[in-house]
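Lettering follows sequence order; numbering is per chain, from 1. Since we're looking at a predicted model, the values are computed, not measured.
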Amino acid sequence: MDVIVCVKQIPDPETPAAAFKVDEAAMQVLPAQGISPVISPFDAQAVEAALRIKDASGDGTVNIISLGPDSARDAIKHSLAMGADEGYHLKDEAFEGGDAWTTALALSRAIQHLGVPDVLIFGRQAADWDQGTVGSIVAELLDLPSATVLRAVELNGESITVSRVVADGFENIDLPTPCVLTISNEFGDPRYPQLRQIMQAARKQVTELTAADLGLDASDVGAAGSRVQMHALFQPTSDVEVEIIEGDTPEEKAAGLVNALREAKIL
Amino acid sequence: MASILVFGETDEAGLSAPTLEMLGAASRLSGELGGGVSLALLGSGLSDAAASAGPAGADTVYTADAESLASYQTDSYLPVAQGIVEQDSPAVVLMSQSSMGRDLAPRLATRLGTAAIMDSLGLEIDGDRVKATRSCYGGNARQVVTVQTDPQVITVRPKSQDPLEADASRSAEVVAVDVAEPNLRARTTGKEQAEAEGIRLEDAEVVVSGGRGLGGPEAFADLESLAGVLTAAVGSSRAACDLGWYPPSQQVGLTGTVVSPTLYVAIAISGASQHMAGCGGSKNIVAINKDPDAPIFSFSRFGIVDDYKKVLPALEAAFAQALD
Ligand SMILES: Cc1cc2nc3c(=O)[nH]c(=O)nc-3n(C[C@H](O)[C@H](O)[C@H](O)COP(=O)(O)OP(=O)(O)OC[C@H]3O[C@@H](n4cnc5c(N)ncnc54)[C@H](O)[C@@H]3O)c2cc1C
Ligand SMILES: Nc1ncnc2c1ncn2[C@@H]1O[C@H](COP(=O)(O)O)[C@@H](O)[C@H]1O
């Protein structure tokens with residue numbers, strides 16, 4: 001089975017809230033001091049899902065695509081170190097300022113350029129903008145069946161069986177290939193590359209592709225082609241002031257809390 | 001022509017609570033946009049739900065009533081949804097940020113040549129656009145965005161909008177939609193229902209949640225016991241779910257359930273932004289944590305700094321006495 005995984009490099013989502021800052025005027029998140037960007041966690045899980053499909057089928061390739069500035073190369077390298085075969089970096093000034101639509105458009109062109117594989121895998125959402133739409137948009141553009149927010153993916157002969165996380169449980173879904181899948185955190189931990197694999201990955205090939213290579217005009221992508229416009233980016237403020245309930249014993253504290261809740265008419 | 005078309009969902013009670021909330025928002029917004037409010041219902045056995053659409057704020061209700069639509073599947077819902085949008089030609093399409101909305105909104109928007117904004121918290125009219133405020137960066141930031149193409153597709157976070165007071169004197173025109181036999185490529189073959197014991201998280205007025213600091217799965221039994229006293233639902237942080245201590249269906253947060261109860265009791269939870277993204281809308285948060293510097297305290301109205309193991313039995317007794 002041939003699989004393509006789309007991955008994104010993002011500011012570390014585990015950045016402590018105190019170190020998280022935005023530039024409101026530029027509508028950009030400022031890089032946190034000493035905290036490096038990482039592959040979006042769901043995308044690492046997507047790579048894991050792809051590697052397991054390849055292993056289960058006994059042959060095929062896992063190729064990686066990422067659209068972004070220079071730093072996107074690190075998400076590709078991480079995926080290659082996990083065991084993926086080849087990387088493709090969609091890199092062009094024209095892509096800057098794009099939205100989910102322009103990203104999905106470029107990714108779908110790149111997928112067509114490489115040849116639509118048996119399975120296309122995405123993260124459930126990129127943990128920067130928390131949108132969760134690119135996988136579905138690509139599926140629609142390529143007219144492929146899709147299943148989103150998955151906790152398990154299994155190869156079942158020529159078809160794929162998945163378990164989808166829904167509000168009140170899980171759904172089992174069968175999909176023919178080619179198809180599009182998006183992976184959720186319930187999938188479990190991805191493998192972590194060892195030093196030897198990181199060194200091997202350094203030798204694996206990463207091909208750069210521009211908008212023109214994908215038959216796209218600068219006006220189709222980036223800010224020019226976007227369908228969604230951002231008007232503001234800011235950090236929410238919390239105006240609650242905590243009252244710590246003191247007491248010499250746990251019993252006193254518990255009684256104090258219950259009293260406080262009663263006085264505040266919460267109970 | 002409606003200004004706003006809401007894709008609703010139904011449950012045992014009829015129209016789901018998020019559907020009523022979206023109809024409330026749609027009525028408010030359509031006042032400024034001009035034009036009416038339509039509701040689209042896809043499912044099987046919809047007549048009762050359709051009858052409550054008018055009182056809830058819809059002028060028109062489209063019903064696509066067919067066995068093939070009994071539960072959500074991308075391939076069966078997408079063409080029907082597309083047909084309804086084309087028939088209604090709304091300026092704005094609203095869906096809930098539900099299992100259905102997450103999956104359907106981006107595909108439908110793409111098919112219609114437009115885009116979707118996901119999980120909006122606030123909606124405001126600006127000219128002919130709806131400005132949506134949404135959470136991003138794991139709850140650390142908010143962005144304000146508009147869809148520049150038409151129709152503007154937006155998913156709405158449950159509990160972020162107010163429903164209207166039901167008005168029995170209002171009724172909606174019912175338009176039955178023809179449903180063709182679907183071409184299912186992806187096929188749902190079965191469902192595992194999470195054990196639906198007790199109160200549903202999203203409906204609970206009180207939620208008691210536990211995190212990694214509980215130290216093991218056994219402690220959730222103590223939380224359940226406290227929840228029994230408080231008539232509360234039990235939630236958990238993702239760390240606790242990932243460790244297998246509690247089912248993923250009970251996870252509160254960015255990638256779990258969003259709750260906004262009157263009282264949220266966070267026990268041995270640090271208060272990471274992604275957890276707060278799911279409970280930050282609670283009216284009152286109470287935290288029990290042994291670390292006085294835990295971020296959770298900066299979101300809490302009341303706090304106890306102590307080992308939960310010591311506090312929990314005393315707290316259950318004190319609540320039991322107070323609520324007797
Ligand atoms: C993309 C992404 C999405 C995520 N989505 C979610 C989500 O939906 N929901 C979610 O919850 N998390 C989510 N997370 C994870 C989140 O970042 C945190 O890692 C997680 O919420 C931490 O869980 P916790 O508070 O239980 O554990 P910890 O952060 O380990 O906190 C444990 C707390 O328990 C306290 N404690 C320890 N022992 C005791 C004791 N005996 N008595 C009292 N207190 C004690 C400690 O002081 C500490 O504050 C997500 C992360 C990412 C990157
Ligand atoms: N710039 C990008 N390059 C490659 N893949 C991406 C990019 N942006 C998003 N994706 C993929 O699409 C998924 C969903 O992203 P989003 O819709 O932005 O939340 C991510 O988890 C990735 O798999």
*Apply side-chain contact (heavy atoms from CB on, under 4.5 Å) to the pair Lys283(B) and Leu263(B), showing each step before the final yes or no.*
CA-CA 6 Å; Lys283(B) 282 167 209 78; Leu263(B) 177 60; over 6 Å; no

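- Annotation: side chain of Glu202(B) is not in contact with side chain of Val252(B) (no heavy-atom distance under 4.5 Å).
- At a 4.5 Å heavy-atom cutoff, Ile10(A) makes no contact with chain B through either its backbone or its side chain.
- The aromatic rings of Trp129(A) and Tyr137(B) sit perpendicular to each other, their planes meeting at more than 60°, with 30° as the lower class boundary.
- Across Val119(A), Thr161(A), Ile160(A), Asp118(A), a single residue satisfies side-chain contact (heavy atoms from CB on, under 4.5 Å) together with Leu155(A), and that is Ile160(A).
- Neither the backbone nor the side chain of Asp119(B) comes within contact range of chain A; no heavy atom of the residue lies under 4.5 Å from a heavy atom of that chain.
- When heavy atoms are compared at a cutoff of 4.5 Å, Ala272(B) does not approach chain A at all.
- Both the backbone and the side chain of Phe170(A) come within contact range of chain B, with heavy atoms under 4.5 Å apart.
- The choice from Thr110(B), Asp103(B), Thr146(B) that makes the most heavy-atom pairs within less than 4.5 Å of chain A is Thr146(B).
- Contact of Ile244(A) with chain B is made through backbone and side chain together, with heavy-atom distances under 4.5 Å.
- Residue Val286(B) touches chain A through its side chain alone, counting heavy-atom pairs closer than 4.5 Å.
- Heavy atoms closer than 4.5 Å to chain B are found in the side chain of Val29(A), but not in its backbone.
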*Could you go through the side-chain contact (heavy atoms from CB on, under 4.5 Å) check for Gln143(B) and Met27(A) one step at a time?*
CA-CA 9 Å; Gln143(B) 62 171 172; Met27(A) 293 191 284; over 6 Å; no

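- Remark: Lys290(B) NZ is loosely packed, at most 12 non-hydrogen atoms of other residues, nucleotides or ligands lying under 6.0 Å away.
- Note: Arg142(B) leads Gln274(B), Arg142(B), Met276(B), Lys191(B) in heavy-atom pairs under 4.5 Å with chain A.
- Put simply, of Ile117(B), Leu201(B), Asp307(B), Thr255(B), the one with the most heavy-atom pairs under 4.5 Å next to chain A is Thr255(B).
- Of the residues considered (Gln229(A), Arg151(A), Glu186(A)), Gln229(A) shows the highest number of contacts with chain B, using heavy-atom pairs under 4.5 Å.
- With a threshold of 4.5 angstrom between heavy atoms, Ser238(A) approaches chain B through side-chain atoms but not through N, CA, C or O.
- At least one side-chain heavy atom of Glu140(A) sits under 4.5 Å from a side-chain heavy atom of Leu78(B).
- In terms of heavy-atom pairs under 4.5 Å with chain A, the best-connected choice from Thr257(B), Asn284(B), Val311(B) is Asn284(B).
- Proximity to chain B is absent for every atom of Asp12(A), based on heavy atoms less than 4.5 angstrom apart.
- Using a 4.5 Å cut-off between heavy atoms, Thr74(B) contacts chain A through its side chain alone, with no backbone atom that close.
- Contacts with chain A were tallied for Gly190(B), Ala105(B), Ser71(B); Gly190(B) has the most, counting heavy-atom pairs under 4.5 Å.
- A salt bridge links Asp126(B) and Lys131(B); the closest N-O separation between the charged side-chain nitrogens and carboxylate oxygens is under 4.0 Å.
- Interface summary for chain A: among Val145(B), Ile285(B), Leu230(B), the most heavy-atom pairs under 4.5 angstrom belong to Val145(B).
- Once rounded to the nearest 0.5 Å, the distance linking CD of Glu9(B) with CE of Met100(B) reads 4.0 Å.
- Residue Ser98(B): no heavy atom, backbone or side chain, is found under 4.5 Å from chain A.
- Rounding to the nearest 0.5 angstrom, the gap separating the CG atom in Leu123(B) from the OG1 atom in Thr133(B) is 8.0 Å.
- For Glu205(B), no part lies near chain A; criterion is any non-hydrogen pair under 4.5 Å.
- Neither the backbone nor the side chain of Glu246(A) has a heavy atom closer than 4.5 Å to any heavy atom of chain B.
- A salt bridge does not link Lys253(A) with Asp248(A): every distance from a Lys NZ or Arg NE/NH1/NH2 to an Asp or Glu carboxylate oxygen is 4.0 Å or more.
- With a 4.5 Å cut-off on non-hydrogen atoms, Asn140(B) touches chain A through its backbone and its side chain both.
- Taken to the nearest 0.5 Å, the CG atom of Asp128(A) stands 10.5 Å off from the CD atom of Gln9(A).
- Ranking Val242(A), Leu233(A), Leu175(A) against chain B, the residue ahead of the rest is Val242(A), based on heavy-atom pairs under 4.5 Å.
- Heavy-atom distances place no part of Arg129(B) under 4.5 Å from chain A, backbone and side chain included.
- Contacts of Leu312(B) with chain A are absent, with no heavy-atom separation under 4.5 Å from either backbone or side chain.
- Taking the six-membered ring where the residue is Trp, Tyr264(B) and His275(B) present tilted rings, their angle falling between 30° and 60°.
- Summarising the local packing, CZ of Arg111(B) is surrounded by more than 12 heavy atoms from other residues, nucleotides or ligands at distances under 6.0 Å.
- Val130(B) has its side chain out of reach of Glu124(B): every pair of non-hydrogen atoms, C-beta onward, lies at least 4.5 Å apart.
- Of the atoms belonging to Pro11(A), it is side-chain heavy atoms, and not backbone ones, that fall under 4.5 Å from chain B.
- Heavy atoms of Leu267(A) lying under 4.5 Å from chain B belong exclusively to its side chain.
- Contacts of Trp101(A) with chain B are made by side-chain atoms alone, with heavy-atom separations under 4.5 Å and no backbone atom involved.
- Only the backbone of Glu241(A) comes within contact range of chain B, with at least one heavy atom under 4.5 Å from a heavy atom of that chain.
- Judged by distance alone, the side chains of Gln97(B) and Thr155(B) do bring a donor and an acceptor atom under 3.5 Å apart.
- For chain B, the nearby parts of Ser146(A) are the backbone and the side chain; heavy atoms of each come within less than 4.5 Å.
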